[in-house]
**Q** 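Please see the structure below; I have some questions.
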Amino acid sequence: MRASLIQIAVEEGESVESRRARVAALVREQAGAADLVVLPELWTTGAFAYERFGSEAEPLEGPTHEVMAKAASDAGVWLHAGSIPERVPSDGSGPGEGTLYNTSLVFSPDGERVAAYRKIHRFGFDQGEAVLMGAGEELVTVRLPETTVGVATCYDLRFPELFRGLVDAGAETLVLSAGWPERRREHWTLLARARAVENQAFVLACGTAGTHAGVPQAGHSIVVDPWGEVLAEAGAGEEALRVEFDPSRVATTREQFPALKDRVLGLRTPERRS
Ligand SMILES: NC(=O)CCC(=O)C(=O)O
């Protein structure tokens, strides 16, 4: 299976419209070279451009959805189109109206949206995304012809239980879109490898390049195999990181080193003796 992780440079000088067109062209360039294309988190605004989330928010089936659906079908690829700041329309249709979510979109090669994942762990503690956006509640997997993909976003990488939930739901390839800062690049690489080793799964983690909102981005998108070996790693700037991997290695790794079968579930916390 061939994948391209397009590590977009998100810089303030570029309008959202021109970045959308540029990213669509980059997706089209992967035609014939990739089965799966992955984009980063919140590449229209930048993951740390909190003040733009509201003004650039779109409905689920808004302009980014339209452009990315077409790019996927033009290129004939499965497209994890990264995430958008999604706003639930205020149209009297139900709960959550007006709420913002950090929502990833996945398209099939014929341009149909096959999944939408609302980021579960919001970053910022008591500020930024953590207060501006609502939290997703559902794990998302997508069946591709060669593998089952589990979807996660950026800060989710720090929460192993989310990935274990995806594995329990059948995931063999864990795909993460991110806008990870340079300041914590060591954590990025370490956690991507840890999630691969502990889940005996491929990890495809696509970050952003450039600097937005004064936060230099780490780049260094990375692909890790089920044994924890790094198959490919990007540099700091914008690039399409291409990699070929054999999804059947998940099954063989899990058979030959069946650590996942030794899980002990439902551990109890000891009573505190004071
Ligand atoms: N956009 C994010 O989720 C940033 C996460 C991050 O910076 C970290 O976990 O460190």
Side-chain angles (χ1 to χ4, degrees), residues 4-31 33-34 37-75 77 79-87 100-107 111 113 119 123-124 128-129 132-133 153-155 175-185 188 204-222 233-242:
S4 292
L5 282 61
I6 308 184
Q7 178 172 287
I8 306 295
V10 179
E11 303 276 4
E12 263 124 30
E14 185 179 40
S15 71
V16 171
E17 291 71 27
S18 53
R19 190 173 306 123
R20 239 186 236 121
R22 194 167 66 76
V23 171
L26 289 169
V27 172
R28 284 191 191 95
E29 279 176 21
Q30 309 311 311
V37 175
V38 184
L39 301 178
E41 179 188 28
L42 295 175
W43 53 266
T44 55
T45 55
F48 287 87
Y50 302 134
E51 74 291 349
R52 300 187 68 199
F53 289 173
S55 58
E56 300 294 348
E58 4 178 340
L60 191 65
E61 300 195 348
T64 303
H65 188 289
E66 188 183 333
V67 171
M68 289 297 116
K70 181 150 183 358
S73 67
D74 287 349
V77 295
L79 174 61
H80 181 313
S83 69
I84 56 164
E86 177 204 355
R87 189 191 296 282
L100 295 179
Y101 291 100
N102 184 341
T103 305
S104 292
L105 306 172
V106 184
F107 297 92
R113 193 187 77 244
K119 185 179 182 182
F123 183 68
E129 182 188 18
L132 295 169
M133 291 198 169
T153 308
C154 206
Y155 187 47
V175 176
L176 183 99
S177 276
W180 199 276
E182 167 58 23
R183 191 155 176 260
R184 294 183 285 281
R185 176 149 74 86
W188 165 255
L204 278 57
C206 180
T208 43
T211 295
H212 65 269
V215 182
Q217 295 293 290
H220 285 267
S221 297
I222 191 166
E233 184 170 348
E238 181 165 295
E239 73 176 92
L241 179 70
R242 288 191 180 157

**Q** Identify whether the distance between the nearest side-chain nitrogen and carboxylate oxygen of Arg20 and Glu58 falls below 4.0 Å.
**A** yes
**Q** Determine the minimum heavy-atom distance between Ser83 and Leu42, stating which atoms define it.
**A** OG-N, 2.9 Å
**Q** Under the criterion salt bridge (charged side-chain N to carboxylate O under 4.0 Å, His left out), which of Glu238, Glu11, Glu17 is the partner of Arg22?
**A** Glu238
**Q** How many angstroms lie between CG in Asn102 and NZ in Lys119, if you round to the nearest 0.5 Å?
**A** 5.0 Å
**Q** Locate the shortest heavy-atom distance separating Gly46 from Phe53; write the atom from each residue and the value.
**A** O-CE2, 3.5 Å
**Q** Examine distances only and state if a side-chain atom of Trp180 and a backbone atom of Ser221 form a donor-acceptor pair shorter than 3.5 Å.
**A** no
**Q** Counting distance only, does the side-chain N/O of Gln7 pair as donor-acceptor with the main-chain N or O of Gly235 below 3.5 Å?
**A** yes
**Q** Can any side-chain N or O of Arg113 pair as donor or acceptor with the backbone N or O of Leu105 at less than 3.5 Å?
**A** no
**Q** Say you draw a straight line from CE of Met68 to NE2 of His80; how long is it, rounded to the nearest 0.5 Å?
**A** 13.0 Å
**Q** Would you name the heavy atoms of Ile6 and Pro40 that are closest together and state the gap between them?
**A** O-CD, 3.2 Å
**Q** May I ask you to decide if Leu39's main-chain N or O and Ser177's side chain share a donor-acceptor pair within less than 3.5 Å?
**A** yes
**Q** Would a distance-only check, ignoring hydrogens and angles, find a side-chain to backbone donor-acceptor pair under 3.5 Å from His220 to Ala234?
**A** yes
**Q** Under a 3.5 Å distance rule, please check whether Glu129 uses its side chain to pair with a backbone N or O of Gly124 as donor and acceptor.
**A** no
**Q** Between Glu41 and Gly207 (side chain of the first, backbone of the second, donor and acceptor by atom type, cut-off under 3.5 Å), is there such a pair?
**A** no
**Q** Mind listing the closest non-hydrogen atom pair of Val38 and Cys206 along with its distance?
**A** O-SG, 3.6 Å
**Q** Taking CD in Glu12 as the centre, count heavy atoms belonging to other residues, nucleotides or ligands within less than 6.0 Å. Is the count above 12?
**A** yes
**Q** Could you go through Leu26 and Ile8, starting from their C-alpha distance and side-chain angles, then the distance that decides it, and tell me whether this counts as side-chain contact (heavy atoms from CB on, under 4.5 Å)?
**A** CA-CA 9 Å; Leu26 289 169; Ile8 306 295; 4.0 Å; yes
**Q** May I ask you to decide if Gly54's main-chain N or O and Arg87's side chain share a donor-acceptor pair within less than 3.5 Å?
**A** yes
**Q** For the atom pair CE (Met133) and CG (Leu100), what is the distance rounded to the nearest 0.5 Å?
**A** 5.5 Å
**Q** How many angstroms lie between CD in Glu182 and OG1 in Thr211, if you round to the nearest 0.5 Å?
**A** 9.5 Å
**Q** Which heavy atom of Ala240 sits nearest a heavy atom of Gln30, and at what distance?
**A** CB-NE2, 4.0 Å
**Q** Answer whether the closest heavy-atom distance between the side chains of Trp43 and Thr64 falls below 4.5 Å.
**A** yes
**Q** Roughly how far, to the nearest 0.5 Å, is OG1 of Thr45 from CD of Glu51?
**A** 9.0 Å
**Q** Tell me whether the rings of Phe48 and Tyr50 are parallel (<30°), tilted (30 to 60°) or perpendicular (>60°).
**A** tilted
**Q** So which atom in Gly219 and which in Trp188 form the shortest heavy-atom distance, rounded to 0.1 Å?
**A** O-NE1, 3.7 Å
